[in-house]
*Asks:* 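Structure below; questions to follow.
For reference, positions follow the sequence shown, starting with 1. For the numbers below, each heavy atom of this structure counts, side chains included, while hydrogens, waters and symmetry mates do not.
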Amino acid sequence: MLKLLGVALPESPTQLDIQQRLEKTKASWHGKNIEDLSNLPVMKDAKKLADMRLLSSLFSATFIAAPALLLLTVCEQVNLSINHGNVSFSAFVYASYGTILNGILQDIESAYQFGSLALSLVEQLNADSINYRTFNLVAATILHGKIHIRETIGLFQASYENAVENGDLEWGGYAAHNKCLYFYFNGPELMELEPEIKTISNTIARLKQETVLTWCQTHRQVVLNLLGQIENPCRLQGVAYNEETLLPLS
């Protein structure tokens, strides 16, 4: 389908493919004020809009099955936005690109600026129907490079609420889990942390997101171990998670 639209991406990207695409994308914004990208015109070209929509739909699948290809699809969308104007998808695209800058290129400052750009575009472009993806990604992968993680909790909660409101239970589960994880990293008292994680786990269970539920239950069992509520604290075997039965299923 991408080829029919004129978007050429290698099915199995090499390291050279990735490097060249990252360099091309950086060249498209290098020397510009990143926050000024919010002033780009609205994308109107029907073909480019179709490209953006299709590439955005590939995010979850490529994230899990083809991370190298994900890098190329994100770069392609950044270039489309900068060259042809912003669209509602652009907020999430800039957040995704900020994730790449932070996690792969270790450009913390530029990553933070793209994350801030993404958040500002959510409101500017009225991207309410997909803002939860942007909130979750910026909070999970970008903000901690510049600000304390306690400031991410509210974005995760907003992401969860908006995802459920829009019927996207998958992303609702991701947001709930990330809230659980970052609350853990925030370092509250264990007696305060355990019931909070239990509540979040129950929320994820109601969403029927089994994989994400397992992640959250693992965190809860770690806390229970630290509280001394298990005979062998070096094994994750308790009321929340049992490594003997669940680990082989991961």
*Asks:* Closer than 3.5 angstrom, by distance alone: can the side chain of Gln221 be matched with the main-chain N or O of Ala240 as a donor-acceptor pair?
*Replies:*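 Checking the backbone N and O of Ala240 against the side chain of Gln221, a donor-acceptor pair under 3.5 Å is found.
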*Asks:* Between Val78 and Leu71, is there a shared hydrophobic cluster once you connect ILVMFWY residues whose side-chain heavy atoms come closer than 4.5 Å?
*Replies:*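 Same cluster: Val78 reaches Leu71 through Ile, Leu, Val, Met, Phe, Trp or Tyr contacts under 4.5 Å.
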*Asks:* Where do Cys75 and Leu22 come nearest, in terms of heavy atoms and distance?
*Replies:*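 Shortest heavy-atom separation between Cys75 and Leu22 comes out as SG-CD2, 3.7 Å.
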*Asks:* When hydrophobic residues are tied together by side-chain contacts of less than 4.5 Å, even through go-betweens, does Trp29 share a cluster with Ile142?
*Replies:*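 No, separate clusters.
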*Asks:* I'd like to know if the side chain of Gln124 reaches the main chain of Ser38, judged simply by a donor and an acceptor atom lying under 3.5 Å from each other, with no hydrogens or angles considered.
*Replies:*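 Checked: pair present.
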*Asks:* Are the aromatic rings of Tyr160 and Trp171 close, with centres under 6.0 Å apart?
*Replies:*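 Aromatic pair excluded; centres sit 6.0 Å or further apart.
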*Asks:* Using the rule that two of Ile, Leu, Val, Met, Phe, Trp, Tyr join whenever any of their side-chain heavy atoms come within less than 4.5 Å, decide whether Ile153 and Leu155 are in one cluster.
*Replies:*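 Shared cluster, no.
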*Asks:* Is any side-chain heavy atom of Lys44 closer than 4.5 Å to a side-chain heavy atom of His84?
*Replies:*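 Result no, sub-4.5 Å side-chain heavy-atom pair not found.
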*Asks:* Looking at every heavy atom in both Val138 and Gly115, which two are closest together, and how far apart are they?
*Replies:*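 Scanning both residues completely, I find the closest heavy atoms to be CG2-O, 3.9 Å.
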*Asks:* For Glu151 and Leu143: C-alpha separation, side-chain torsions, deciding distance, then whether side-chain contact (heavy atoms from CB on, under 4.5 Å) applies.
*Replies:* CA-CA 8 Å; Glu151 298 185 42; Leu143 293 184; over 6 Å; no
*Asks:* Can you confirm whether the side chains of Glu161 and Gln157 place a donor and an acceptor under 3.5 Å from each other?
*Replies:*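 Yes, because at least one side-chain N or O of Glu161 sits under 3.5 Å from a partner of the opposite role on Gln157.
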*Asks:* Step by step, work out the side-chain contact (heavy atoms from CB on, under 4.5 Å) result for Glu192 and Phe183.
*Replies:* CA-CA 10 Å; Glu192 174 190 357; Phe183 192 59; 3.9 Å; yes
*Asks:* Out of the candidates Asn162, Asp168, Asn166, only one should pair with Tyr132 under the side-chain hydrogen bond (donor to acceptor under 3.5 Å, both in side chains) rule; please name it.
*Replies:*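 With Tyr132 as partner, Asn162, Asp168, Asn166 yield a single side-chain hydrogen bond (donor to acceptor under 3.5 Å, both in side chains), made by Asp168.
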*Asks:* Which atom names give the shortest non-hydrogen contact between Val212 and Gly173, and what distance separates them?
*Replies:*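 Looking at all heavy atoms of both residues, the shortest contact is CG1-O, 3.2 Å.
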*Asks:* Any side-chain heavy atom of Ser56 sitting closer than 4.5 Å to one from Gln77?
*Replies:*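 Result yes, sub-4.5 Å side-chain heavy-atom pair found.
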*Asks:* Closest heavy-atom contact between Ala175 and Asn136?
*Replies:*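 That would be CA-OD1, 3.4 Å.
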*Asks:* Keeping the roles fixed (side chain from Asn225, backbone from Arg235), state whether a donor-acceptor pair exists under 3.5 Å.
*Replies:*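 Yes: the side chain of Asn225 pairs with the backbone of Arg235.
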*Asks:* Find the distance between CH2 (Trp215) and OG (Ser201) and round it off to the nearest 0.5 Å.
*Replies:*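 Between atom CH2 of Trp215 and atom OG of Ser201 there are 13.0 Å.
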*Asks:* Does the side chain to side chain donor-acceptor pair (under 3.5 Å) test come out yes or no for Asn131 and Thr134, once each step is laid out?
*Replies:* CA-CA 5 Å; Asn131 62 10; Thr134 302; over 6 Å; no
*Asks:* Do the non-hydrogen side-chain atoms of Thr141 and Asn102 ever get within less than 4.5 Å of each other?
*Replies:*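 No. Closest side-chain heavy atoms not under 4.5 Å.
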*Asks:* Quick check: closest heavy atoms across Ala118 and Ala91, and the distance to 0.1 Å?
*Replies:*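 It is CB-O, 3.1 Å.
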*Asks:* Does the side-chain contact (heavy atoms from CB on, under 4.5 Å) test come out yes or no for Met191 and Leu227, once each step is laid out?
*Replies:* CA-CA 8 Å; Met191 292 299 293; Leu227 286 169; 3.7 Å; yes
*Asks:* To the nearest 0.5 Å, how far apart are OH in Tyr184 and CD in Glu196?
*Replies:*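 Tyr184 OH to Glu196 CD: 15.0 Å, rounded to 0.5 Å.
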*Asks:* I'd like to know if Ile147 and Ile108 are part of one continuous hydrophobic network [Ile/Leu/Val/Met/Phe/Trp/Tyr, side-chain heavy atoms within less than 4.5 Å].
*Replies:*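 No.
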*Asks:* If we ignore hydrogens and angles and just use 3.5 Å, is the side chain of Lys32 paired with the main-chain N or O of Ser28 as donor and acceptor?
*Replies:*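 Such a contact is found between Lys32 side chain and Ser28 backbone.
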*Asks:* Between Asp51 and Lys47 (salt bridge meaning N to carboxylate O under 4.0 Å), is one present in this structure?
*Replies:*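 Here Asp51 pairs with Lys47 in a salt bridge, since their nearest N and O are under 4.0 Å apart.
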*Asks:* Rounded to the nearest 0.5 Å, what separates atom CG in Leu121 from atom CD in Glu35?
*Replies:*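 So the CG of Leu121 and the CD of Glu35 are separated by 11.5 Å.
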*Asks:* Do the non-hydrogen side-chain atoms of Val42 and Asn86 ever get within less than 4.5 Å of each other?
*Replies:*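 Not in contact.
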*Asks:* Mind checking whether Phe92 and Phe59 have ring centres under 6.0 Å apart?
*Replies:*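 Judged by ring-centre distance (under 6.0 Å), Phe92 and Phe59 do meet the cut-off.
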*Asks:* Above 12 or not: heavy atoms from other molecules or residues under 6.0 Å from CD of Glu123?
*Replies:*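 At most 12 heavy atoms, drawn from other residues, nucleotides or ligands, come within 6.0 Å of this atom.
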*Asks:* Does the pair Lys48 and Met52 meet the rule for a side-chain contact (heavy atoms from CB on, under 4.5 Å), with working shown?
*Replies:* CA-CA 6 Å; Lys48 303 304 180 185; Met52 287 288 288; 5.6 Å; no
*Asks:* Considering residues at least two apart in sequence or located in another chain, which fulfil the salt bridge (Lys or Arg N to Asp or Glu O under 4.0 Å) criterion with Lys24?
*Replies:*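 Salt bridge (Lys or Arg N to Asp or Glu O under 4.0 Å) check on Lys24 returns nothing, list empty.
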*Asks:* Give, for atom CD1 of Ile34 and atom OH of Tyr97, the distance between the pair rounded to the nearest 0.5 Å.
*Replies:*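 The CD1 atom of Ile34 sits 8.0 Å away from the OH atom of Tyr97.
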*Asks:* Ring centroids only, cut at 6.0 angstrom: are Phe135 and Phe156 within range, meaning strictly under it?
*Replies:*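 Aromatic pair excluded; centres sit 6.0 Å or further apart.
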*Asks:* Can you tell if the side chain of Gln237 reaches within under 4.5 Å of the side chain of Asn232, non-hydrogen atoms only?
*Replies:*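 Not touching, per the 4.5 Å side-chain cut-off.
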*Asks:* Say you draw a straight line from NE2 of His148 to CG of Asn186; how long is it, rounded to the nearest 0.5 Å?
*Replies:*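 The NE2 atom of His148 sits 5.5 Å away from the CG atom of Asn186.
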*Asks:* Is there a side-chain contact between Val239 and Leu224 (heavy atoms, below 4.5 Å)?
*Replies:*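 They are in side-chain contact.
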*Asks:* Can you give me the closest heavy-atom contact between Leu40 and Ser81, atom names plus distance?
*Replies:*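 That closest heavy-atom pairing would be CD1-O, 3.6 Å.
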*Asks:* Do Val122 and Val93 share a hydrophobic cluster (ILVMFWY, side-chain heavy atoms under 4.5 Å, transitive)?
*Replies:*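 Cluster IDs for Val122 and Val93 differ.
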*Asks:* Could you tell me whether the side chain of Tyr182 reaches within less than 4.5 Å of the side chain of His144, counting heavy atoms only?
*Replies:*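 His144 reaches Tyr182 side chain to side chain.
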*Asks:* When rounded to the nearest 0.5 angstrom, what distance separates OG in Ser120 from OH in Tyr94?
*Replies:*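 Here the rounded value is 10.0 Å.
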*Asks:* So Leu207 and Glu170, do their side chains get closer than 4.5 Å, heavy atoms only?
*Replies:*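 Glu170 vs Leu207: side chains apart.
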